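So the structure is just underneath, and the comments pick up after that.
Numbered from 1 within each chain, the chains take letters A, B, ... in sequence-line order. Nothing here was measured: the structure is a model prediction, and the numbers come from that model.
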Amino acid sequence: MARRYWLLKSEPDLFSFDDLKAEPGRTAHWDGVRNYQARNLLRDEVKKGDGVLFYHSRISPPAVVGTATVVRDGYPDHTQFDPGAKYFDEKASAEKPRWYMVDIKYGKPLKVAVELPTMREAPGLEEMVLLRKGSRLSVQPVTASEWETILHLGGL
DNA sequence: GCCAACGTTGGC
DNA sequence: GCCAACGTTGGC
């Protein structure tokens, strides 16, 4: 299977690209996804070795700030089993996990953050899932050419 | 902080 | 199975 590409959204106040850099081994669980469409991608499609665009949402302006690499295929998100966790799900069990996560490793910061308004105007990004009206998916597929375009815009 | 868009829940 | 009410996301 050829390497694929994804865009992962995070609110930097909660978990930023620099926070990923500061993790032991520069690696983190991508946990807390509680949307079925995104869950399906994490469980079935996102694979070790895939490329990740790390996107900061809920800031002004939102922007892709760096790259990461998937280092572990989808597996059950343990936060769903922890009654004390924010992401606890009483309907999930170890036998029937409902939510999945992957592990990602810090890659490279973009030399220039690629901001949402820039992406909206960039040739070649017209079809990006991110730019579709009402698009809220926190895990999104990115094409190889979109990946290249954004890295180029980011000075890599 | 506001609010439009979207997703989920639950009564019927 | 419909759909109103509610909760969340995320750009602005």
Checklist outcome for this item: Distance col, row A:S16:OG vs A:H56:NE2, nearest 0.5 angstrom, shows 5.0 Å
Rounded interatomic separation in angstrom, taking [atom1] from [X] and [atom2] from [N]:
X	N	atom1	atom2	result
A:D13	C:dG11	CG	C1'	15 Å
A:K9	B:dA5	NZ	C1'	12 Å
A:K86	C:dT9	NZ	P	7 Å
A:D89	C:dT8	CG	P	14 Å
A:L137	B:dA5	CG	P	17 Å
A:Q37	C:dT9	CD	C1'	14 Å
A:I59	B:dG1	CD1	C1'	17 Å
A:N35	C:dG7	CG	P	18 Å

Checklist entry - Hey, would you say the A:F54 and A:Y106 ring centroids sit under 6.0 Å apart? => result no
Checklist entry - Are any of A:Y55's side-chain N or O atoms less than 4.0 Å away from OP1 or OP2 of C:dT9? => result no
Checklist outcome for this item: Note: contacts of residues 125-136 of chain A with DNA chain B (heavy atom, under 4.0 Å) are A:K133, A:G134, A:R136
Checklist entry - Can you find a heavy atom in the side chain of A:D50 that is under 4.5 Å from one in the side chain of A:W6? => result yes
Next on the checklist: Between A:V71 and A:I104, is there a side-chain heavy-atom distance shorter than 4.5 Å?
Outcome noted: no
Checklist entry - Does the ring of A:Y75 carry A:R72 above it, NZ/CZ under 6.0 angstrom from centre and within 45° of its axis? => result yes
Next on the checklist: Salt bridge or not between A:R34 and A:D77? Use side-chain N to carboxylate O under 4.0 Å.
Outcome noted: yes
